Amino acid sequence: MAGDARAHPYLLFFLIGLAASFTVTSRAQPTAPTEVKVGLIVDAASPVGKVATTTISMALEDFYAAFPNSSARVRIQQHDSGGDVVTAASAALQLMTSQGARAILGPQSSVESAFVADLATRAEVPVVSFSATSPSVSPASASFFVRAALSDTAQAGAVAALATHFGWRRVVPIYQDDDYGAAFVPFLVGALTDARAEVPYRCALPEGATPDAIAAELYRMESEQTRVFVLHMRAEVARRVFAAAAEAGMTGAGYAWIITDGLTGLIGFVDPPQGVIGLAPYVPTTPRLRDVKKRWVRRYMRDHPDDEPEHAVVGCYAVWAYDAAWAVASAAERLSSSDLSSPPGLVGGKGGPTDISGVGKSRSGEKLLRAINDTTFEGLGGRFELIDGELAVPAFRVLNIDDGKAKGIGFWTPRYGLSRHVGRGSSKAGGELSPFIWPGESTVRPSGWAQPTSAAKLRVAVPGRIPVSYRPILHIDVDPVTNRMTAGGFVIEAFEAAVRLLPYALPFEYVKADPMPYDHLAQAVNNGTYDALVADMTITAKRSEHVDFTMPFIATSITMIVPLRDQRSSNKWTWVFLKPLRYDLWLVSAAFFIFTGSVVWAIERRDNERFGGTQSNQAGTMLYFGFSTLVFTHNEKLKSNLSRVVVVVWVFVVLILQSSYTASLTSLLTVPQVGPTIPDYRALLLGTEKVGILNNSFTPQVINQSGLPQDRVVRYRNAESFQEALLNGSIGAVIDETPYLNIFLQTYRDNFTVTGQANMTSGFAFAFPRGSPYVTDLSQAILNLTESGEMNRIERKWLGDPDDYRSQGGGPFTTNHLSFSSFRSLFVITGATSLICLSIHLAFFHKEGYWLPIPQIMSRPSWKVRLRMLAKLFDRKVYSETMPGRNQKDEGAVASPHTSDDVSIVGRLPSAPHPKEGSVEMATQTTSEIEPVAGG
């Protein structure tokens, strides 16, 4: 028993070791990964097919090298479509039925992808395309279609930005005439139109176009004026196009070529000439990308030893194919083992081998599609993320082809536009790019146009019936022998000057328009009867509904012309002697006459008996003295030097006023006073005179709004009719736009004048059909002409200097009334002198002690009593022998307040001490009247 007990522990250790060995053995033999079959449909002989064959197998190897313990393994089942849609569809049916493919990579072309995507959507098998970039197929039309490439629509904005940046207003697209090329052109044209660029024509080439057919199309484009071309086609056709263009001399200086990303990604197969601009999706340079490029080039040359070394370039198709294969492998890895190990399902639908209605529905196609759409990772081309089943690319690179190599010169993003650095905007308008080489090894930017040898001319309508008097504004003549149109005048020269500043040639010919109102001419341009309208047409809201106007090339306004007449005839029974001075000067002068007389009276009142007497006598003397200075007849003898200073300064002012008055009155009586018969619009509305306007003018619309009755409006055709009607009194005024009235005044300026306030209008402009790209370019040209002064020179050449006529508003002979503002400084001088002298006099008055009773006066309760006592205080005369500044021999001299003589005392007053004793007192009577004591 003891031995059995000792053997039990060894048995336990043996069992534990055996179990451990079974566990290690089971871990050493893992479960084999599930095989996931994925189809690949490409044209194996095409450039994209060669790139895809090498890239996809390499991408799967890299994926499983990075994740060696993956539970699923993607096995590629490749089919060669040969570029045929039917073959591609047959291969897709075979993959989805007999071969049990859970997903399909490809097909290569957009036409093949559209057909296969429709089949796969019915079978619920995801189709992941890395090369179908045409907008003709999208996840919106086929729910099981996934675009792991960039849609062509994304680069339309980049092409338009390049056209704007380089100032190209005309661009010609050259595209392959199939779903790949034709589906992109509407998006390109829309982007260029938004950028104010025009697509004058389009060049569509079939895939099998021969060199002779391509050369014929290029010759037609060379005969036109546009020199900017956008190439969007397969690499094989693009190579033939560039070869024909080089032979035709269309790859030299003066030409510009832009290739889309489909060609930039296969640049080694295209062989573009030097100076071509290319677009490519932005792929950030990383160590991983550099490593893949090195291995990819070696592998590509091993797989395709007959290809040229320059074909081994990792372009956008290689990057998209690599990331697409990685995304499928990653999605298959995330599916559960039950989904991956489920039976492949039916080998055919209910209707036989070609019926796919039941294929794939047991293979979890929706789960795999969802897993692919949700896959995100740092791919070879940056962040791989699908938005609504399409690849999101943040930016495009702008490349310059130099010696067969693509050199980056900038970036384009929808947010920042063109810039030298990705993710940052440019401070310059229109973007900024690095310097690069243009075709022909030129560093000069192509203008984008040349003088065409054959091009349709713009039919420019010019009104035919223009009055002879208005020929300086506009005229068109027809040679009866050659039937050739010759146009001239201010409007024509302004238009031709603007056309010369356009960044392209604009062939045009003048067409004499049928007689019709200008509103109808605008409609004729809108309906295509004419391509443009060059006329003296004012911009109005109604006309803008039919055409687009350029910037106004001349500012206009509605003004009024009336006859001139001598205003003296209306002054026969008026007080003409009052007219030399304005009312303000009359009032101020009268006030200063009274003011000066008052100051002199205040100074002379106490010492000069000639300013004494009763109150009415004093008032009369004061007024008489003031107004008598007007004719210098004042004979009152002044005793104070202060009043003499006041009078001398005032007489000087009166002398200047009198001389000015005399000169102005003489002018009024002898010089003709020519002025307008109707001063302004208000007088016109209140009157009964008729108004003349130019025929075929929009002025009646303005007159209707002003409230002038229509029965007072008379239409005329020319300036001579205006002149006759104004002189014979048929009309009292002419209302029209300034260019016409300036022409009228240029001939008849002596008898008529502009009057009333000018009402601004929108000005004259050229009219084009709505949406025309010429409007913006011509507006810019007009602005340049205006800023340079060229437009003013043209206007003065044909219409004269407008200031010469508008300055005649007051007539050739007018006399302005004198106003207070002309003599303000003189009145300030005399007023200040009078106030200073009066202040000095009051200071002497205070010094002699006459202000001492004021505290007793101000203590009175009634203000009437206080005023009366102050007046009596100032009115009292005290004769003195010793008043300062007085002549002791003068008769009527007042006594000094220092004397005790009581002869001058009126009334009974108490005695007061002598001022020398230190104070002066006032005695107040019960009657509230005071008398100054002899002593003060």
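The figures here come from the full heavy-atom set of this structure, side chains too, leaving out hydrogens, waters and symmetry mates. Bear in mind the structure is a predicted one, so any value in this text is a computation, not a measurement.
Thr755 places a side-chain N or O within donor-acceptor distance of the main-chain N or O of Pro679, the cut-off being under 3.5 Å. Without hydrogens or angle criteria, Ser442 side chain to Trp438 main chain gives no donor-acceptor distance under 3.5 Å. Judged by distance alone, with hydrogens and angles left aside, the side-chain atoms of Arg227 form a donor-acceptor pair with the main-chain N or O of Glu222 at under 3.5 Å. Proximity of a side-chain donor or acceptor of Asn526 to a complementary backbone N or O of Ala522 within less than 3.5 Å is not detected. Formation of a donor-acceptor pair under 3.5 Å by the Ser419 side chain with backbone atoms of His421 is found in this model. Arg770 places a side-chain N or O within donor-acceptor distance of the main-chain N or O of Ser544, the cut-off being under 3.5 Å. With hydrogens and angles ignored, the 3.5 Å screen pairs a side-chain donor or acceptor of Thr761 with a backbone N or O of Thr556. Between the side chain of Asp680 and the backbone N or O of Gln757 there is no donor-acceptor pair closer than 3.5 Å. Looking only at distances, a side-chain donor or acceptor of Ser223 sits under 3.5 Å from a matching main-chain atom of Arg220.
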Handout entry: Test side-chain contact (heavy atoms from CB on, under 4.5 Å) applied to Leu799 and Ile554, step by step
Key = CA-CA 11 Å; Leu799 307 181; Ile554 182 175; 4.1 Å; yes
Practice task
Report the C-alpha distance between Ser762 and Thr540 in whole Å, list the side-chain angles of each, state the deciding distance to 0.1 Å, and finish with yes or no for side-chain contact (heavy atoms from CB on, under 4.5 Å).
Solution key: CA-CA 7 Å; Ser762 300; Thr540 64; over 6 Å; no
Handout entry: Derivation and outcome, side-chain contact (heavy atoms from CB on, under 4.5 Å), residues Ile473 and Tyr740
Key = CA-CA 8 Å; Ile473 296 179; Tyr740 310 111; 3.5 Å; yes
Handout entry: Evaluation steps, side-chain contact (heavy atoms from CB on, under 4.5 Å), between Ile476 and Ile466
Key = CA-CA 8 Å; Ile476 184 169; Ile466 301 296; 5.9 Å; no
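For the atom pair CG (Asp519) and CZ (Arg543), the distance works out to 4.5 Å, reported to the nearest 0.5 Å. Atom CE of Met560 sits about 13.0 Å away from atom CG of Asp736, to the nearest 0.5 Å. Expressed to the nearest 0.5 Å, how far CD1 of Ile401 lies from CD1 of Ile259 amounts to 5.0 Å. The structure places CZ of Phe766 at 13.5 Å from OG of Ser772, a figure rounded to the nearest 0.5 Å.
Counting heavy atoms from C-beta outward, Val398 and Leu279 have side chains that approach closer than 4.5 Å. Inter-residue side-chain proximity for Asp536 and Tyr518 is flagged as met; some heavy-atom pair is nearer than 4.5 Å. For the pair Thr529/Gln523, no side-chain contact is recorded, criterion being any heavy-atom separation below 4.5 Å from C-beta on. Using a 4.5 Å heavy-atom cutoff, the side chains of Thr443 and Ile437 are in contact. In this structure, Val754 and Leu741 have side chains that are not in contact, with every pair of non-hydrogen atoms separated by 4.5 Å or more. Gln155 is listed as a side-chain neighbour of His232, based on a closest heavy-atom distance under 4.5 Å. Two residues are said to be in side-chain contact when any heavy atoms from C-beta on lie closer than 4.5 Å; Val462 and Phe495 fail this criterion. Annotation: side chain of Ile258 is not in contact with side chain of Phe229 (no heavy-atom distance under 4.5 Å).
A salt bridge does not link Arg170 to Asp777: none of the charged nitrogens lies less than 4.0 Å from a carboxylate oxygen.
Annotation for Leu501 and Ala781: closest pair CD1-O, 3.7 Å, computed over non-hydrogen atoms. Listed here is the closest heavy atom pair of Arg169 and Ala195: NH1-O, 3.6 Å. Closest heavy-atom contact between Tyr470 and Phe722: OH-CE1, 3.7 Å. Nearest heavy atoms, Pro173 versus Leu188: CB-CD2, 3.8 Å. Scanning all heavy atoms of the two residues, the minimum distance from Ser469 to Ile743 falls at O-CG2, 3.2 Å. Residues Leu506 and Leu458 approach most closely at CD1-CD2, 4.1 Å, considering heavy atoms.
The 12-atom threshold is exceeded at CZ of Arg793, counting heavy atoms of other residues, nucleotides or ligands nearer than 6.0 Å. Atom CZ of Arg465 sits in a sparse spot, with 12 or fewer heavy atoms from other residues, nucleotides or ligands closer than 6.0 Å. By the 6.0 Å contact criterion, CD on Glu441 is open, its count of non-hydrogen atoms from other residues, nucleotides or ligands being 12 or less. The environment of Glu496 atom CD is dense: over 12 non-hydrogen atoms of other residues, nucleotides or ligands sit within 6.0 angstrom.
Taking the six-membered ring for Trp and thresholds of 30 and 60 degrees, Tyr748 and Phe752 have ring planes more than 60 degrees apart, a perpendicular arrangement. Aromatic ring pairs are classed by plane angle as parallel below 30°, tilted from 30° to 60° and perpendicular above 60°; the pair Tyr510 and Phe508 is perpendicular.
In this structure, Phe490 has its ring center closer than 6.0 angstrom to the ring center of Phe553. Ring centers of Phe184 and Tyr175: at least 6.0 Å apart, outside the cut-off.
Counted by atom type alone, Tyr774 and Asp548 present zero donor-acceptor pairs between their side chains at under 3.5 Å. Side-chain atoms of Ser821 and Ser819 form a donor-acceptor pair, as typed in the model, at a separation below 3.5 Å.
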